[in-house]
Amino acid sequence: MRISHIMFFDVERAKRAQNTLSRLAIITPLDISSIDIIVGLDVSYHSSNAVATAVAYSINRKNVIAVEVATKPVKVPYIPGLLAFREAPVMFLALKKLITKLKKIDVIMVNGHGLAHPRKCGIATHIGVVIDLPTIGIAKKLLYGEIVFVDSRLAIVVDGNIVGYAVNRRGRNIYVSIGHRITADDALRIALATWDVNHLLPEPIELADKISKEYKYIIASNNK
DNA sequence: GCGACAG
DNA sequence: ATCTTGTCGC
């Protein structure tokens, strides 16, 4: 039996890349009033294929504007802290398809963390820095950081700084963190502005997750 | 060495 | 993430 190339992933090199990318992450306020199009990014799997879905959601119209799906054989194992090297490549494929069909994108929401990460470079920050657009990380579980009560809110603190907030939904916490070109407060405002009270996740991510699972068999078989 | 560990 | 029926609880 031949050794799978999945074993040749260079962990130390990946961590060095994250340290480099994290230094390029920018924390800055957004003009909330002009924000409209939020893109949600998520990935599902079918056998050895990753299926990424990019959903463009309009805050003003409270509706989906466009959807694009992309697939790619998975070549990197899942290692906590290094998720971006497994999922970002296929997310970029779906994102590029979507960008060619839209006038503009205001913010991108990624399923995963941003600065709430051991090297301050979760997948949301990784993607944001690479394409230089505002990004927000949305995760169902905490990976890194401390939860601290600040002004009656649950703040995610890393190295003494608030990098995001935990939002209680359906009795469990959902973690919203800074990805790139945004502040923790603005990330929270935008997440709440797109959050359907009946759903566990903000709508762009909720929809990307559902659509990705809905089409993975069709897309994956179409990929053979 | 031990435990934790996004999707 | 994914493999999966019934089942406990609001």
Side-chain angles (χ1 to χ4, degrees), chain A residues 6 9 11-12 14-15 17-18 21-22 25 40-55 69-95 108-130 135-147 154 156-158 163-180 184 187 191 197-202 204-221 223:
Chain A
I6 203 170
F9 180 66
V11 171
E12 292 311 316
K15 289 182 178 177
Q18 291 185 323
L21 288 174
S22 72
L41 286 178
D42 190 28
V43 172
S44 63
Y45 297 88
H46 182 237
S47 61
S48 59
N49 290 308
V51 180
T53 300
V55 176
V69 178
T71 65
K72 196 176 191 299
V74 187
K75 295 180 178 178
V76 175
Y78 167 66
I79 300 172
L82 300 178
L83 174 67
F85 296 90
R86 178 178 169 86
E87 301 194 341
V90 68
M91 282 182 171
F92 281 131
L93 293 181
L95 192 54
I108 297 171
M109 252 180 216
V110 186
N111 193 336
H113 292 287
L115 297 186
H117 177 280
R119 288 167 294 283
K120 299 188 184 67
C121 190
I123 190 167
T125 298
H126 186 122
I127 288 177
V129 168
V130 170
T135 56
I136 297 171
I138 302 292
K140 301 181 199 66
K141 299 173 188 170
L142 187 64
L143 168 69
Y144 188 79
E146 292 178 39
I147 300 304
L154 296 173
I156 304 173
V157 177
V158 171
V163 299
Y165 295 97
V167 177
N168 196 279
R169 278 293 183 281
R170 294 182 167 185
R172 57 181 291 185
N173 283 339
I174 298 301
Y175 305 89
V176 178
S177 63
I178 297 169
H180 180 56
V197 289
N198 298 308
H199 293 160
L200 182 64
L201 300 165
I205 291 296
E206 178 82 21
L207 290 167
D209 176 59
K210 285 178 177 170
I211 296 172
S212 203
K213 285 171 179 165
E214 180 182 344
Y215 284 98
K216 65 179 182 177
Y217 299 107
I218 302 172
I219 301 299
S221 61
N223 194 34

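Chain letters run A, B, ... following the sequence lines, proteins first and then strands; every chain starts at 1.
- Comparing atom distances between the A/S44 side chain and each of B/dG7, B/dA6, C/dT2 picks out C/dT2 as nearest.
- No contact: A/G137 has no heavy atom under 4.0 Å from any strand.
- You'll find the side chain of A/R172 stays beyond 4.5 Å of the side chain of A/N168, heavy atoms only.
- Residues A/G40 and A/A208 come closest through the heavy atom pair O-CB, 3.7 Å.
- The interatomic distance linking A/D209 (CG) with B/dA6 (P) rounds to 16 Å, in whole Å.
- One atom, NZ of A/K75, and another, P of B/dG7, lie 25 Å apart when rounded to the nearest Å.
- Contact check for A/I174 versus A/I138: side-chain heavy atoms found under the 4.5 Å cut-off.
- Put simply, CD on A/Q18 is 14 Å from P on B/dA6, counting in whole angstrom units.
- A/V43 is not listed as a side-chain neighbour of A/N111, based on a closest heavy-atom distance of 4.5 Å or more.
- Between A/Y175 and A/H113, the angle of the ring planes lies from 30° to 60°, which puts this pair in the tilted group.
- The shortest distance between side-chain heavy atoms of A/I136 and A/V110 does not fall below 4.5 Å.
- Side chains of A/I79 and A/V11 form a contact here, defined as non-hydrogen atoms less than 4.5 Å apart.
- Atom-to-atom, CD1 of A/I79 to C1' of B/dC5 comes out at 12 Å; the value is rounded to the nearest Å.
- A/Y215 is not listed as a side-chain neighbour of A/V51, based on a closest heavy-atom distance of 4.5 Å or more.
- Considering only side-chain N and O atoms, A/Y144 lies nowhere under 4.0 angstrom from the phosphate OP1 or OP2 of B/dA4.
- The cationic group of A/R86 does not satisfy the cation-pi geometry with A/F9, failing either the under 6.0 Å distance to the six-membered ring centre or the 45° limit from the ring axis.
- Using a 4.0 Å heavy-atom distance criterion, A/Y45 is classed as a sugar-phosphate-only contact.
- Computed from coordinates, the A/L201 CG to C/dA1 P distance equals 9 Å when rounded to whole Å.
- Residue A/K141 places no side-chain N or O under 4.0 Å from the OP1 or OP2 atom of B/dA4.
- Consecutive Watson-Crick or G-U pairs involving DNA chain B, each under 3.5 Å on both distances, never reach a stem of three or more pairs.
- Whole-Å rounding puts the A/H126 NE2 to B/dG7 C1' distance at 15 Å.
- Among the pairs that DNA chain C forms, none builds a region of at least three successive Watson-Crick or G-U pairs under 3.5 Å.
- Between A/K210 and A/E214 there is no salt bridge, since no side-chain N of the basic residue sits under 4.0 Å from a carboxylate O of the acidic one.
- When the P atom of B/dG7 is taken as reference, atom NZ of A/K210 falls 17 Å away, rounded to whole Å.
- B/dA6 atom C1' lies 12 Å from atom CZ of A/R172, rounded to whole Å.
- In this structure, A/Y78 does not pack face-to-face on the six-membered ring of C/dA1, missing the 5.5 Å centre cutoff or the 30° plane limit.
- Nucleic acid contact class of A/I205 (heavy atoms, under 4.0 Å, all strands): none.
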